[in-house]
Amino acid sequence: MATLELHGVEKRFGPASILAGIDLALADGEMLVIVGASGCGKSTLLRLVAGLETPSAGRIVLDQRDITQLDPAARDIAMVFQNYALYPHMSVFDNMAYALRIRGLSRNEIAAQVQATAELLGIGALLARKPRQLSGGQRQRVAMGRAIVRSPKLFLFDEPLSNLDAKLRVQMRAEIRRLQRRLGVTSLYVTHDQVEAMTLGDRLLVLEGGRAAQLATPMEVFARPATVYVAGFIGAPAMNFLPAALLPGGAVQLSGGQVVAVPGAVGSPGAVTLGVRPEHVSLADGGIPLAVELVEPLGSETLVHGRMADGTALLAKLPGAAPVGDQVAVALAPDALHLFDAASGRRL
Amino acid sequence: MERRTIFPGRLLPILLAAPQLLLTAVFFLWPAGQAAWFSTARQDAFGLRSEFVGFENFSDLLTDPLYRESVGRTALFCALVAALSMGVALLLAVFADREIRGRAAYRTLLIWPYAIAPAVAAVLWILVLHPQVGLVGRWLNRHGVAWDYRLRDAQAMSVVVLASAWKQVSYDFIFFLAGLQAIPRTVTEAARMDGARGWRRFRTITLPLLAPTVLFLLVVNLVYAAFDTFGTIQALTGGGPGKATETLVVKVYRDGVVNLDLGSSSAQSVLLMGGVIVLTMLQFRFLGRRRAD
């Protein structure tokens, strides 16, 4: 259990800047999820904390101790890898005992700790097996066990669920959260899956091109995304973005000519991007006309893909099995609209 | 999955296999058959008459203390060559696996010795180690070491071991490097995070995962040292001084070509052939297992 701080951490590979000026502070026992599209630098950030890469600038402080230049072996940090990285020539027991043996624990202590951790994860019956005799989900548990048994200061998760099938992923997601809460270990969790990010994190760090786009709680990120990128990344189906012009007095004009009231909109008149989540689009007589291109009934809800008069695509998520013709009229919920600067993508 | 091609007739597949079969027949089956035949005969020194003696050549050999000495010498030679070449190759491969910059050039340079003919390699080493001509040989004598591998048994053995191992380092290096690069990087990284450093990580993670490569190379190196080093030894020491570097293949040559005892030489060849067959079968088993993994 520990606190983690990152101060102005940067990473460059030659001329390419992978991470720029990341500042971060994790409280004891907090789980922070780092999320972003592939290539945004999230795995690099994790590897910097792990010590598998050295930052080009900045400091990493674990429990008030500067570990920036420390060898990974000396950091007391455990990591769960995407491909699990189990030692293929060792049994499950030996995989979990490896770090304890290096620390010089006695035979009895090692056996007791491995056994206790294995019971916790429900892999007590597998201790004698080799990794190749395990299913994907079992390997995942062993990888978790190898991290937990050491009781490290910090857990790092590098997309640990991405190699599992959908059902198992949902199950392990809940289990990881439960274990992390129960053990109270400070954790960094990297994922590109926005559902994992929303459900697992105490806070989210959304990375965009090596920079922190937003750092906040999941609900805050969902309700008030800081940029167009964040808004498009968090939430499924993704938010609609409509080109518009900001009018004086709390309204915007869509490129099709319709004027939409945006309560509390401020800023100088000019080009903006209006963001609205599909669930905040509803059918309304006399609303914005929408030519329907595709209807996807999902049972509990219906997705309607349409185009406005000027050709802008709009996705609506309607409750239930909504009867939809070729042409509908929709309204945008006024209190759920997001305004972004058209040029910078920042929230207004 | 094995790929099988279905041919319409019999003629085409036979024609396609014929050149290889012909080569095998001319350069292996014929001489090997002749050796097997000669091994049961005793010839006079002029090669004019020969009489059938059954297995007498073999029984003579197995009771001959000189032959047993040569077997022991060959075993020592093989062990030293395999240990030296594999040890050096593994060390170099570990460095090549780590170092990124200039790796291509480094690798190419390391592969060169493999392409050098045995006799040329021997001359190279003579130029280095000759007591009067060689750089190192002269330096040793100037500094009070009585160095002359043409006179001293142990020195002669170390020279042939050195030259033979040097030629094989390239081959071992390529396999070790490939083996190291086949180890998933994340497994090594996991070991680092688990607190394992340097030698301990190498011993508990890298080496066990490299074990199939080590076993495979061990067989290859033993075969090489036992059978492929004749050229190097012959050019360096000719088996001498005395019999100090007379391994089994050198003895075959000396007894048969120099001393014209064709019957005994042929019997020795047949025994060696048996050894090669056993070792090659082992090698194929390892190769098969590597592929199965």
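This structure is a prediction, so every number in the text was calculated from the model and none was measured. Below, chain A is the first sequence line, B the second, and so on; all start at residue 1.
Looking at A/Asp158, neither its backbone nor its side chain comes within 4.5 Å of chain B, counting heavy atoms on both sides. Of the two parts of A/Arg103, neither the backbone nor the side chain holds a non-hydrogen atom closer than 4.5 Å to a non-hydrogen atom of chain B. Of the atoms belonging to B/Thr204, heavy atoms from both backbone and side chain fall under 4.5 Å from chain A. Using a 4.5 Å cut-off between heavy atoms, A/Leu86 touches chain B through its backbone atoms (N, CA, C, O) alone. Only the side chain of B/Arg197 comes within contact range of chain A, with heavy atoms under 4.5 Å apart. For chain B, the nearby parts of A/Ala74 are the backbone and the side chain; heavy atoms of each come within less than 4.5 Å. Neither the backbone nor the side chain of B/Ala211 comes within less than 4.5 Å of any heavy atom in chain A.
Between chain B and the residues A/Gln82, A/Arg132, A/His89, A/Arg75, the most heavy-atom pairs under 4.5 angstrom are made by A/His89. Comparing A/Ala50, A/Ala143, A/Ala78, A/Ala147 by how many heavy-atom pairs each has under 4.5 Å with chain B, the most go to A/Ala50.
Counting only heavy atoms from C-beta outward, the side chains of A/Met79 and B/Glu189 never approach each other to under 4.5 Å.
For A/Phe13, the CZ atom sits in a packed shell: over 12 heavy atoms of surrounding residues, nucleotides or ligands are nearer than 6.0 Å.
A pairwise comparison of heavy atoms in A/Met90 and B/Ile205 identifies CE-CD1, 3.8 Å as the closest pair. Across all their heavy atoms, B/Val187 and A/Ala85 have their closest contact at N-CB, 3.9 Å. For the residue pair B/Asp194 and A/Ile102, the shortest heavy atom distance occurs at O-CD1, 3.9 Å.
A distance of 13.5 Å separates OH in A/Tyr98 from CE in B/Met193, rounded to the nearest 0.5 Å.
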